[in-house]
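Here the structure is laid out as structure tokens; the discussion comes afterwards.
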Amino acid sequence: MAAIVDSQAIRKSEARPTPAASVPLPLDDFRPESMLHVPATQVARAKFPVIDVHTHLSFSVVNRNGVSMGEKMTCPMPPDQVLAVMDRKNLRCMVDLTGGRGQGVVEMVNQWQKAHPGRFLVFTEPWYERANQPGYAKFQADQIEQAHHAGARGLKVVKTLGLYLRENITEGKLLKVDDPRFDPMWEACGALKMPVAIHISDPDAFFRPTDRFNERFEELNHHPDWSFHGKDFPAKMDLLEARNRVFARHPKTQFIALHVGNRGEDLGYVTACLDRLPNMHVEIGARLNELGRQPRQARKFFDKYQDRIMFGTDAVPHGTDTPQQVFGEPLYEIYFRFLETEDEYFDYAPAPVPPQGRWRISGLGLPDQILRKVYYENAARLLNLAA
Ligand SMILES: [Zn+2]
């Protein structure tokens, strides 16, 4: 009842005319400084060694309408610079998900994984540019095998599938996430024990109009191309349910549903998915904004699924478009603080304005037993790493 009374009070105050003395303030200029006095813990190093299962140390050079193409790769930061940060933060290993395909993934495996054993693992990616060619299903499965032979440890599927990839690659109808042409690819990953890190859809707010009721208004207003509202985009739930059908259809393949299964806003839904789909796992990359604004629900979620949640950040070296993902010491300190402490009301990203919604987060204060699982044990098991 209290909630109803509150919203009525807000409507009434909105209707009141603005007093002459008040000054309009552009939302971009609003930088409120918190007057709250609460403990602030700096966690300079993770309490236990960490495997970051969600990073982007390399990218395809060519990307057309959201579809990465070709075999040419680029790396925004050299391995020695990345390793220096890792050593200071107690990061044992980073998984470079966007390792590319063909000759590209061979080069990334050599440059990162083979040159620095135990410190980096590289995943491969699908050849979407050939998805409309005859024989693609078999070709793609064979490519997984070749990438595995070259050393790739898993497959990454970005949100291209479901939101960008079309019948004629960049034109025509959007392909369905559970399109049967990909079935041999999912099966090959299962047979080769390569986990699939999969990002389907995006935050709930990105599927709603970019208006004053949207909790991610500033972000969508600055990046209109991040909105999947309208046009021919499927509803978010249709995308997630198609993803779940893929999980159910390939029970021997292990899937890491990135970004808290891309539904950190609704842990009840993620819970239902995890209960129904034993081959589904999650990681927490770029979703501290969601988990940390519901710390009690999140804590229960970590208790219940402590064997299926992994540490991930979605870190991108020099990724200035997304401050919540910029690889570096400040980013990791926020993740460690969120997981290890009970600090309250702190920033979830190293940025002057909270980039994924204007709110702050509270820590979970996980016990050591769960911390070890989330920091490295669950990932080590899934990635077949020696303890
Ligand atoms: Zn990512």
Side-chain angles (χ1 to χ4, degrees), residues 43 46-55 89-95 97 121 123 153-154 156 195-201 203 240 243-244 247 253-315 324-325 331-332 334-342 348 356 361-385 387:
V43 187
K47 195 167 184 184
F48 304 106
V50 174
I51 300 174
D52 186 343
V53 302
H54 187 171
T55 76
K89 297 288 109 177
N90 203 14
L91 279 170
R92 186 79 205 103
C93 178
M94 286 176 76
V95 182
L97 292 181
L121 297 176
F123 277 31
R153 300 297 288 265
K156 168 76 194 280
V196 179
I198 184 165
H199 175 151
I200 296 297
S201 84
L240 291 187
R243 175 200 71 183
N244 292 349
F247 294 177
T253 308
Q254 302 303 315
F255 292 91
I256 307 168
L258 301 171
H259 307 299
V260 198
N262 243 323
R263 200 83 209 287
E265 303 92 327
D266 184 353
L267 292 179
Y269 177 76
V270 185
T271 293
C273 296
L274 286 164
D275 286 345
R276 196 153 49 87
L277 301 157
N279 56 336
M280 174 178 171
H281 313 260
V282 297
E283 63 79 54
I284 61 173
R287 291 300 179 275
L288 297 197
N289 66 320
E290 303 297 352
L291 296 170
R293 64 168 164 165
Q294 47 177 331
R296 286 180 286 275
Q297 288 303 317
R299 179 57 212 274
K300 283 183 204 148
F301 182 77
F302 272 75
D303 275 341
K304 187 161 184 212
Y305 300 104
Q306 54 185 271
D307 297 310
R308 293 163 76 183
I309 302 171
M310 281 167 277
F311 182 93
T313 56
D314 208 358
Q324 67 276 9
Q325 292 171 237
L331 182 74
Y332 285 100
I334 291 170
Y335 275 76
F336 303 158
R337 186 181 183 191
F338 170 67
L339 295 170
E340 295 184 24
T341 81
E342 289 187 337
Y348 57 76
Q356 301 168 285
I361 63 167
S362 297
L364 299 184
L366 294 175
D368 288 358
Q369 178 214 351
I370 300 182
L371 269 181
R372 277 197 202 91
K373 290 178 177 184
V374 171
Y375 272 154
Y376 68 94
E377 285 178 2
N378 295 338
R381 195 174 57 244
L382 207 65
L383 293 161
N384 314 303
L385 299 175

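Residues take their numbers from the sequence shown, with the count starting at 1.
N289 places a side-chain N or O within donor-acceptor distance of the main-chain N or O of Q356, the cut-off being under 3.5 Å. At distances below 3.5 Å, at least one donor-acceptor pair connects side-chain atoms of T55 with backbone N or O atoms of V95. Checking side-chain atoms of Q325 against main-chain N and O of D314 turns up a donor-acceptor pair under 3.5 Å.
With values rounded to the nearest 0.5 angstrom, E342 atom CD is found 9.0 Å from L364 atom CG. Note that the CG atom of L339 and the CZ atom of F311 stand 6.5 Å from one another [nearest 0.5 Å]. Atom CD1 of I309 and atom CG of D303 lie 9.0 Å apart (nearest 0.5 Å). Atom-to-atom distance recorded for L382:CG and E377:CD is 13.5 Å, nearest 0.5 angstrom.
Residues passing the ring-ring contact (aromatic ring centres under 6.0 Å, His included) test with F338, sequence neighbours excluded: none.
A salt bridge links E290 and R293; the closest N-O separation between the charged side-chain nitrogens and carboxylate oxygens is under 4.0 Å.
A side-chain contact (heavy atoms from CB on, under 4.5 Å) with H54 holds for exactly one of E283, M310, M94; it is E283.
A donor-acceptor pair shorter than 3.5 Å can be found between the side chains of D52 and Y332. With no hydrogens or angles considered, a side-chain donor-acceptor pair links D275 and Y305 at under 3.5 Å.
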